[in-house]
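To start, the structure itself, in structure tokens.
The basis for the numbers below is simple: all heavy atoms, side chains too, and nothing from hydrogens, waters or symmetry mates. Sequential numbering from 1 along the given sequence is applied to the chain's residues. All of these numbers come straight from a predicted model, not from anything done at the bench.
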Amino acid sequence: MDQYAADPPVEERVGDALREAGQTVAVAESCTGGLIGTLLTAVPGSSDYFDRALVTYSNDAKQDVLAVSREALDVHGAVSEPVAMEMATGTRDTAETDWAISTTGIAGPGGGTEENPVGTVYVGLAWAAPWGTEESGATVERYEFDGDRGEVREQIARQALEDLLARLQRRG
């Protein structure tokens, strides 16, 4: 699981940035199956900033646990920008954290389509700002990764953490 790790690993850099900012994060994972939570909690002291990881693999779980709308799932499919957005904002709001990450994609080896080939992922990132500032928000990025299932999942997890780190550094 360290094939794509930088030195120091992104999970340590994210932890340092969150701790320094006094902020928290929660994650909602589909295709990564808890890998982002595993990376974050591998860092000693992660309880200072890590709130929870929700693995919502099925559509039913996304709807039940994260309140992803039936319309988003039905019209766009689980592997889509709207679903990644709703996963991230739903996690941020229900966990009441400063940050939330979501992943929904196709790790392979099967399941790909012309629109979303194997290795496709949508990474959602949502942030909370103080009430009344109108500065809360969310973004989604689409990526395509190559490799076997394990390699794709690790690349997705590390990219999601890189996205969080970049946003943390912009806001700091």
Side-chain angles (χ1 to χ4, degrees), residues 4 14 24-40 50-168 170-171:
Y4 298 94
V14 163
T24 56
V25 65
V27 297
E29 302 184 60
S30 187
C31 59
T32 46
L35 186 54
I36 297 170
T38 298
L39 290 172
L40 286 169
F50 181 71
D51 182 76
R52 67 189 75 179
L54 305 163
V55 178
T56 54
Y57 211 70
S58 69
N59 284 357
D60 287 343
K62 287 173 182 67
Q63 188 177 18
D64 182 51
V65 176
L66 303 174
V68 172
S69 69
R70 177 178 288 279
E71 290 80 7
L73 290 163
D74 191 41
V75 173
H76 303 286
V79 180
S80 66
E81 181 177 334
V83 168
M85 180 79 69
E86 288 189 25
M87 289 174 68
T89 57
T91 301
R92 174 203 61 201
D93 293 347
T94 58
E96 297 183 4
T97 53
D98 300 291
W99 298 92
I101 300 169
S102 69
T103 60
T104 184
I106 305 163
T113 65
E114 190 172 317
E115 182 182 343
N116 288 319
V118 170
T120 300
V121 65
Y122 292 85
V123 175
L125 182 62
W127 57 93
W131 290 106
T133 64
E134 299 181 15
E135 294 178 6
S136 297
T139 61
V140 175
E141 295 294 330
R142 181 185 187 276
Y143 299 100
E144 287 185 29
F145 295 105
D146 292 320
D148 65 28
R149 184 176 180 83
E151 292 169 339
V152 167
R153 289 177 66 237
E154 182 182 351
Q155 290 174 86
I156 293 167
R158 293 191 183 283
Q159 182 64 60
L161 290 172
E162 290 286 354
D163 288 358
L164 172 59
L165 184 60
R167 182 63 71 158
L168 274 163
R170 271 185 277 183
R171 290 190 66 197

At what distance, to the nearest 0.5 angstrom, does [atom1] of [X] lie from [atom2] of [Y]?
{"X": "Glu144", "Y": "Gln155", "atom1": "CD", "atom2": "CD", "answer": "12.0 Å"}
{"X": "Ile101", "Y": "Leu40", "atom1": "CD1", "atom2": "CG", "answer": "6.5 Å"}
{"X": "Thr24", "Y": "Glu96", "atom1": "OG1", "atom2": "CD", "answer": "9.5 Å"}

Answer whether the closest heavy-atom distance between the side chains of [X] and [Y] falls below 4.5 Å.
{"X": "Arg167", "Y": "Trp99", "result": "yes"}
{"X": "Val25", "Y": "Phe50", "result": "yes"}
{"X": "Val123", "Y": "Tyr143", "result": "yes"}

Side chain to side chain donor-acceptor pair (under 3.5 Å) contacts in which one or both residues fall within residues 74-92, not counting sequence neighbours: Ser69-Glu86
Report the C-alpha distance between Met87 and Tyr122 in whole Å, list the side-chain angles of each, state the deciding distance to 0.1 Å, and finish with yes or no for side chain to side chain contact (heavy atoms under 4.5 Å, CB included). CA-CA 11 Å; Met87 289 174 68; Tyr122 292 85; over 6 Å; no
Sidechain-backbone polar pair: [X] side chain, [Y] backbone, donor-acceptor under 3.5 Å:
{"X": "Glu151", "Y": "Asp148", "answer": "yes"}
{"X": "Glu29", "Y": "Gly34", "answer": "yes"}
{"X": "Asp163", "Y": "Leu125", "answer": "no"}
{"X": "Trp127", "Y": "Leu168", "answer": "no"}

Donor-acceptor contacts under 3.5 Å from residues 103-112 side chains, at least two apart:
unit_1: Thr103; atom_1: OG1; unit_2: Thr32; atom_2: OG1; d: 2.7
unit_1: Thr104; atom_1: OG1; unit_2: Ala78; atom_2: O; d: 2.7

Donor-acceptor list for residues 51-60 side chains, cut-off 3.5 Å, not counting sequence neighbours:
unit_1: Tyr57; atom_1: OH; unit_2: Arg149; atom_2: NH2; d: 2.9
unit_1: Ser58; atom_1: OG; unit_2: Ala61; atom_2: N; d: 3.0

Which residue, Asn116, Val121, Val79, forms the side chain to side chain contact (heavy atoms under 4.5 Å, CB included) with Arg142? Asn116
My understanding is that only one of Ile156, Ile36, Val27 makes a side chain to side chain contact (heavy atoms under 4.5 Å, CB included) with Leu161; could you say which? Ile36
Give me the atom names and distance for the closest heavy-atom approach of Gly124 to Ala88. C-CB, 3.8 Å
